[in-house]
Amino acid sequence: MRKEIITLPPAAPGSEARLTVLRFGPPEARPKVYVQASMHADEVPAMLVADHLRRRLTELAHAGRLKGEVILVPQANPLGGAQGLLGTHLGRHHLSSGRNFNRFWPDATVAVLARREIFGHDAAANTERVRALAAQWLADEAASMAHGPDAQLKLQLMQLAHDADIVLDLHTDDDAALHLYVDRDCWPDLADLAALLDAKVVMLCRDSGGNAFEETVAAPFIALKEAGIPVHQPITVTVELRGRFDVSDALAARDADALLAFLVHRRVIAGEVSVPSFAGVAAPFSATEPVRASVGGVVVFLKEKGAQVRAGETIAEILDPATGKRTPVPVRTSGRLFTRTMHRWVLAGDVIAKVQGDTPLPERRPGAMMTD
Ligand SMILES: [Zn+2]
């Protein structure tokens, strides 16, 4: 294992944050895999999974079983890790800028498309050219612009990830069944990962809006493909490792095993693995219904996470404690209720759950599908 520490520029003197980068396997060997944990710094299960990965990858490297290079960032967001307010840790948004840590990632697409004339008919050569152009653009951005620590954090991480063959972004939802976000062209190819992780829902994304990390890594490659230029699009996945409170070594060991089995299946790690068949739901992200509270109050769920629900069914009631009135919350979509809010006091308009159906919803338009 090779360890690198990247010091982020401080927001103020004396407040440097450090990013730890771990590399396993032969340097520069392909397939190159990039894994980061807990970019939303309050999504803790991912960091425990990364610790299991660190130990297992160290053993695998000693045994000579790593064929490709694996880069692991076990705590992707040291800035968010240090944020608290009035006794509560807050890791989803950068408090100083207000920005969501998983939005507005630096996107090399414009810089790559500006050099469209250098691309030919050879997909492998084109892929190398995209990587080189993106690397140059990211290095120039990191060096030349006055970025705050959160923007520099993203530039540093994107420089590690932009040329990977496989990118795994480990997150966690509120109170949820394990689910994935994947680019629609990565499906059904990624049914092996979904099956090994026993994912209950796979959302097939493209241009969701907000420049989330996994979409932004792939964006220049997808833009070229859409322009008719042959290129190898990387495998990019956001893994939502259940809910915030699902922090246990038993679950983390199981998830690390599944991720490593996937890397065996993809010939990053030498060995044999048998892959079960995928038993969950895979459908467009535009068919994901964010279920919103129409009023504020105490949310009392009537359905468990993972439940099958029917359109029109009430999944929760919201109690006004002053009057005793309960307002039912029906869903519009038949499908799998795969995540619920972890809060039990909600405000009007809050998303309290999500249901994965199979039919795109009219209001879920490209570029505007992220809920926050
Ligand atoms: Zn997240």
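Just follow the structure's listing: the first ligand is 1, and inside any ligand the first atom is 1.
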- Message: Would you say the rings of His93 and Phe101 are close, in the sense that their centroids are separated by under 6.0 Å?
- Response: no
- Message: So that I can check it, does any N, O or S atom in Glu240 come closer than 2.8 Å to the Zn ion (ligand 1)?
- Response: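 Of the N, O and S atoms in Glu240, none lies under 2.8 Å from the Zn ion (ligand 1), which means no.
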- Could you tell me whether a side-chain N or O of His89 sits under 3.5 Å from a main-chain N or O of Gly80, the two making a donor and an acceptor?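 Looks like yes, one N/O pair under 3.5 Å.
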- Item | Side-chain touch Val49/His52, heavy atoms, less than 4.5 angstrom |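 SC-SC contact between Val49 and His52 ruled out.
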- Angle subtended at the Zn ion (ligand 1) by OE2 of Glu43 and ND1 of His171, to 10 degrees? 140°
- Note on the structure: Checking distances from the Zn ion (ligand 1), one finds that the N, O or S atom of His40 closest to it is ND1
- OG1-CD1 distance between Thr20 and Ile5, expressed to the nearest 0.5 angstrom: 3.5 Å
